[in-house]
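Everything on this sheet refers to the single structure shown next.
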Amino acid sequence: MAFPSDAATPARVMLVSSLLAISLFSVAAAGNFYRDVDVTWGDGRGQVLNNGQLLTLSLDKTSGSGFQSKNEYLFGKIDMQIKLVPGNSAGTVTAYYLSSQGPTHDEIDFEFLGNLSGDPYTLHTNVFSQGKGNREQQFKLWFDPTQDFHTYSILWNPQHIIFSVDGIPIRDFKNNEARGVLFPKNQPMRIYSSLWNADDWATRGGLVKTDWSKAPFVASYRGFNADACVWSSGTSSCGSKGASASGSQSSAWWNQEVDAAGQERMRWVQRNYMIYNYCADVKRFPQGLPPECRVA
Ligand SMILES: *[C@@H]1O[C@H](CO)[C@@H](O)[C@H](O)[C@H]1NC(C)=O
């Protein structure tokens with residue numbers, strides 16, 4: 001933070017102290033991909049550009065590519081703007097997710113399944129708790145996600161995992177531990193993203209294959225923002241009592257849930273754009289739907 005002069009006007013003192021409060025609470029800084037992520041695979045197909053403001057992943061017949069956050073997080077509100085592979089993206093998958101390590105890992109997924117030009121992408125979401133997933137919900141989008149950047153957000157606090165697109169909540173996975181449903185809350189997670197070929201299943205269940213004559217396929221990222229509790233050597237930047245203890249403005253996400261207006265918008269999305277919901281798939285669960293599906 002560079003001020004033009006050092007004069008400590010009251011306004012500046014206030015600004016500085018509120019910045020201090022934010023940094024005590026959680027790490028909320030405008031993203032820079034050089035600082036925040038490592039391109040982990042793809043042999044040069046993942047690139048950080050524009051002084052760290054832009055990242056591109058590409059896929060060709062030889063390889064896809066991917067990156068991961070340097071930090072691990074235990075709760076937070078994480079935003080990323082993504083512009084998906086344009087044109088004929090059939091067979092490609094752009095995955096953007098949070099995940100911990102190991103066989104009983106937790107995971108919060110956005111996956112974008114490509115399609116033929118003019119056919120809609122499928123946005124696939126899932127939540128794993130301690131290694132168990134099977135909680136897929138899929139959506140179409142109400143815009144063309146390849147024309148421009150759109151913001152995909154995960155708000156993860158002890159009571160909710162809220163998936164949002166351009167600030168519109170599309171899914172709210174609630175903490176239902178009281179009903180015996182495991183909820184991700186003990187394992188720190190890293191952010192991962194990758195672009196890869198999945199033409200054995202991704203588009204119309206694998207019927208439409210990747211057209212390699214259109215390669216390289218490119219997805220672009222910008223506007224990364226993690227207002228989140230950073231986990232490092234067994235301690236959280238939010239403190240042992242959790243974020244609520246700090247009482248700072250920026251802890252709003254710690255107690256956030258989908259408000260009445262958000263509920264209405266989420267219903268609009270779910271009514272008009274949801275194409276698969278595990279909670280409605282009674283054939284898949286002959287023994288009965290999972291407990292979190294049986295509550296409002
Ligand atoms: C691709 O488009 C077809 C036709 O509209 C649709 O059935 C399918 O769900 C779309 N998405 C994927 C990933 O196949």
Side-chain angles (χ1 to χ4, degrees), residues 42 45 56-61 63-67 80-99 107-128 133-154 161 163-166 168-171 173 191-221 265-285 293:
R45 290 174 183 79
T56 57
L57 292 183
S58 90
L59 161 72
D60 57 40
K61 205 164 184 180
S63 178
S65 51
F67 66 89
M80 183 76 86
Q81 295 178 28
I82 310 176
K83 187 167 148 185
L84 294 166
V85 174
N88 180 357
S89 59
T92 73
V93 171
T94 306
Y96 172 66
Y97 58 104
L98 285 166
S99 182
E107 189 176 313
I108 303 170
D109 291 332
F110 274 118
E111 279 189 310
F112 302 90
L113 316 186
N115 219 330
L116 294 168
S117 299
D119 280 348
Y121 261 80
T122 295
L123 169 51
H124 172 100
T125 64
N126 203 357
V127 176
F128 286 72
N134 300 328
R135 300 193 178 102
E136 300 86 355
Q137 288 187 351
Q138 296 184 333
F139 304 83
K140 284 184 296 182
L141 293 163
W142 50 95
F143 52 83
D144 178 350
T146 73
Q147 285 295 303
D148 215 332
F149 286 91
H150 290 269
T151 304
Y152 302 92
S153 307
I154 294 168
I161 293 169
F163 297 78
S164 304
V165 177
D166 291 334
I168 299 178
I170 62 165
R171 176 172 188 180
F173 183 80
I191 299 161
Y192 295 87
S193 189
S194 54
L195 172 57
W196 41 289
N197 178 44
D199 67 0
D200 52 334
W201 61 270
T203 306
R204 295 195 197 174
L207 286 177
V208 186
K209 300 299 178 192
T210 303
D211 178 356
W212 293 112
S213 76
K214 301 292 189 304
F217 303 99
V218 178
S220 308
Y221 300 75
R265 300 168 100 190
M266 191 163 70
R267 273 194 297 274
W268 171 78
V269 173
Q270 295 186 348
R271 199 178 307 129
N272 295 294
Y273 296 96
M274 187 184 261
I275 51 181
Y276 178 79
N277 180 5
Y278 76 114
C279 279
D281 196 346
V282 288
K283 273 197 233 124
R284 181 175 171 189
F285 301 102
C293 298

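These values consider heavy atoms only, across backbone and side chains, with no hydrogens, waters or symmetry-generated copies. Just so you know, ligand 1 is whichever comes first in the structure, and atom 1 is the first atom listed for that ligand. Note that this is a predicted model, so its numbers are computed, not measured.
Put simply, the residue from Phe139, Phe112, Tyr97 that forms a ring pair (Phe, Tyr, Trp, His ring centres under 6.0 Å) with Tyr152 is Phe112.
Residue Asn88 comes nearest to Phe217 through the heavy atom pair O-CE2, 3.2 Å, listed as atom of the first residue, atom of the second, then distance.
Of the possible polar contacts, none joining the Asp199 side chain to the Ala202 backbone as a donor-acceptor pair under 3.5 Å is found. No donor-acceptor pair closer than 3.5 Å links the side chain of Ser65 to the backbone N or O of Leu57.
With no hydrogens or angles considered, no side-chain donor-acceptor pair links Asn126 and Tyr278 at under 3.5 Å.
Taking the six-membered ring where tryptophan is involved, the planes of Trp268 and Trp142 are perpendicular, since the angle between them exceeds 60° and thus also 30°.
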Ligand-protein N/O pairs under 3.5 Å (ligand 1):
residue  : atom   : partner : partner atom : Å
ligand 1 : 2 (O)  : Asn115  : OD1          : 3.4
ligand 1 : 2 (O)  : Asn115  : ND2          : 2.5
ligand 1 : 11 (N) : Asn115  : ND2          : 2.7
ligand 1 : 11 (N) : Pro120  : O            : 3.4
ligand 1 : 11 (N) : Thr122  : OG1          : 3.0
ligand 1 : 14 (O) : Arg204  : N            : 2.8

